[in-house]
Amino acid sequence: MFKHEKKLLQEVRIERPNPQYAALLQEQLGGGNGELKAAMQYISQSFRIKDPEIKDLFLDIAAEELSHMEMVGTMINMLNGHDVDYEAVGAGEIQSHVLLGLNPGLINASGYSWTGDYVTVTGDLCADLLSNIASEQRAKVVYQYLYRQIDDKFVKETIDFLLNREEAHNAMFREAFNKVSNTGSNQSFGVTEDSKLYFDLSSPSPGENFNVDAKPPKFQ
């Protein structure tokens with residue numbers, strides 16, 4: 001059961017409307033590395049999890065991602081201002097001006113609709129955790145790009161908060177992975193000598209041209 005509290009996880013403010021930036025921010029609302037994708041992925045993965053502690057972790061992070069989605073949508077709405085004007089967006093996504101009446105939509109920065117194809121679920125906890133760690137890392141990268149392209153101090157404060165929360169989730173998923181790293185697909189495969197072979201197939205090797213020794217990974 002989910003319960004909506006009429007209070008944002010953190011206050012969202014802006015210095016001034018900026019429809020062009022609002023179009024960029026749509027990526028974190030309806031994009032492949034956005035907040036809705038993360039929430040749906042973690043909720044979907046949780047159904048199969050038997051470990052009650054990790055199951056709760058997935059659901060808690062998913063619920064927080066929904067709160068992030070609410071923050072991003074609120075910020076987009078503020079940045080769009082209150083006047084429909086396609087000329088305010090020089091390039092890129094203009095759907096919000098002609099279809100949504102400036103309402104934040106489940107679309108990315110190019111106007112493509114959110115899709116369940118963004119969500120990765122395997123039923124294998126190790127694989128899903130690694131996927132989630134990568135998802136959080138990609139979300140951080142997108143937020144970092146967004147952070148560098150705005151001079152609005154209040155928007156930057158919100159993005160900084162969201163960036164730090166993505167890192168917190170990343171750390172939580174890494175800790176969970178360490179707990180189960182010898183189970184599931186990691187237990188069934190990768191246990192023979194074939195899993196510890198390194199084939200140096202770069203010819204010529206780095207050592208021949210750049211005076212650098214090509215060394216295989218340190219298999220455990």
Side-chain angles (χ1 to χ4, degrees), residues 8-43 45 57-58 60-81 88-96 102 104-120 127-178:
L8 294 176
L9 186 62
Q10 178 166 296
E11 183 183 8
V12 173
R13 297 183 292 169
I14 65 169
E15 287 188 292
R16 69 192 72 88
N18 188 334
Q20 181 69 50
Y21 191 78
L24 298 181
L25 197 56
Q26 278 285 159
E27 192 63 34
Q28 287 300 75
L29 184 64
N33 298 302
E35 303 293 357
L36 177 59
K37 173 270 176 92
M40 293 298 99
Q41 179 160 305
Y42 308 154
I43 290 173
Q45 292 171 344
L57 175 68
F58 276 54
D60 286 343
I61 295 178
E64 185 180 343
E65 299 289 15
L66 288 173
S67 74
H68 292 180
M69 178 185 170
E70 185 178 23
M71 290 176 64
V72 171
T74 299
M75 189 159 47
I76 290 171
N77 189 52
M78 291 179 175
L79 288 165
N80 270 325
V89 181
E93 190 274 308
I94 62 170
Q95 273 190 300
S96 62
L102 294 183
L106 300 185
I107 53 178
N108 67 8
S110 297
Y112 292 105
S113 296
W114 188 89
T115 171
D117 291 341
Y118 294 149
V119 174
T120 298
D128 284 347
L129 279 165
L130 287 173
S131 179
N132 295 351
I133 292 168
S135 293
E136 295 291 336
Q137 195 71 25
R138 289 192 299 271
K140 281 176 56 182
V141 170
V142 176
Y143 273 130
Q144 286 169 358
Y145 290 151
L146 287 165
Y147 187 89
R148 297 169 190 158
Q149 297 179 80
I150 187 69
D151 61 1
D152 187 310
K153 66 179 181 181
F154 295 133
V155 173
K156 295 186 83 164
E157 285 177 3
T158 298
I159 293 177
D160 182 70
F161 171 79
L162 293 169
L163 261 169
N164 279 280
R165 292 309 302 160
E166 303 296 355
E167 177 54 32
H169 299 166
N170 205 332
M172 295 174 199
F173 283 136
R174 288 197 301 267
E175 184 176 336
F177 178 78
N178 290 336

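Worth saying up front: this structure is predicted, and the values here are computed from it rather than measured. Basis for what follows: all heavy atoms, side chains included, without hydrogens, waters or symmetry-related copies.
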**Q** With sequence neighbours excluded, what pairs up with Ala171 under the side chain to side chain contact (heavy atoms under 4.5 Å, CB included) test?
**A** Arg174
**Q** Under the side chain to side chain contact (heavy atoms under 4.5 Å, CB included) rule, collect the residues that match up with Glu15, sequence neighbours excluded.
**A** Asp152, Lys153, Phe154
**Q** Taking all non-hydrogen atoms of both residues, which atom of Ile43 and which atom of Ala62 are closest, and how far apart?
**A** CG1-CB, 3.3 Å
**Q** More than 12 heavy atoms of other residues, nucleotides or ligands under 6.0 Å from CD of Glu175: yes or no?
**A** no
**Q** I need the single residue from Glu136, Arg165, Glu70 that forms a side chain to side chain contact (heavy atoms under 4.5 Å, CB included) with Glu65. Which is it?
**A** Glu136
**Q** Which atoms form the tightest heavy-atom contact between Glu11 and Thr158, and what is the distance?
**A** O-OG1, 4.1 Å
**Q** For Met71 and Phe161: C-alpha separation, side-chain torsions, deciding distance, then whether side chain to side chain contact (heavy atoms under 4.5 Å, CB included) applies.
**A** CA-CA 11 Å; Met71 290 176 64; Phe161 171 79; 3.9 Å; yes
**Q** Does the side chain of Ile76 come within less than 4.5 Å of Gln26's, by heavy atoms?
**A** yes
**Q** Do the ring planes of Phe58 and Tyr42 sit parallel (below 30°), tilted (30 to 60°) or perpendicular (above 60°)?
**A** perpendicular
**Q** Once rounded to the nearest 0.5 Å, what's the spacing between atom CG of Leu66 and atom CG of Leu36?
**A** 7.5 Å
**Q** Between CD of Glu64 and CD of Glu166, what distance do you get to the nearest 0.5 Å?
**A** 8.0 Å
**Q** Which distance, rounded to the nearest 0.5 Å, do you find between the CD of Gln149 and the CG of Asn18?
**A** 11.0 Å
**Q** Mind checking whether Lys37 and Ser135 have side chains closer than 4.5 Å, heavy atoms only?
**A** yes
**Q** Determine the minimum heavy-atom distance between Gly73 and Pro104, stating which atoms define it.
**A** O-CG, 3.2 Å
**Q** Which heavy atom of Leu163 sits nearest to which heavy atom of Gln144, and what is that distance?
**A** CD2-CG, 3.8 Å
**Q** Within the structure provided, determine whether Tyr21 and Leu146 are in side-chain contact (heavy-atom separation under 4.5 Å).
**A** yes
**Q** Quick one, Gln28 with Met75, criterion side chain to side chain contact (heavy atoms under 4.5 Å, CB included). Give me CA distance, side-chain angles, the key distance, then yes/no.
**A** CA-CA 11 Å; Gln28 287 300 75; Met75 189 159 47; over 6 Å; no
**Q** Sort out for me which residue in Asn77, Val12, Ile159, Leu29 forms a side chain to side chain contact (heavy atoms under 4.5 Å, CB included) with Val72.
**A** Leu29
**Q** About how many Å separate CG of Asn170 and CZ of Arg138, when rounded to the nearest 0.5 Å?
**A** 11.0 Å
**Q** Quick one: are Pro17 and Leu79 in side-chain contact, heavy atoms under 4.5 Å?
**A** no
**Q** Within this structure, what is the OG1-CE distance for the pair Thr120 and Met40, rounded to the nearest 0.5 Å?
**A** 14.0 Å
**Q** If you take all heavy atoms of Glu27 and Ala109, which pair is closest and at what distance?
**A** OE1-N, 3.0 Å
**Q** Got a second to check how far Leu106's CG is from Trp114's CH2, nearest 0.5 Å?
**A** 8.5 Å
**Q** Evaluate Asn132 against Gln45 for side chain to side chain contact (heavy atoms under 4.5 Å, CB included), listing each step before the verdict.
**A** CA-CA 10 Å; Asn132 295 351; Gln45 292 171 344; 2.7 Å; yes
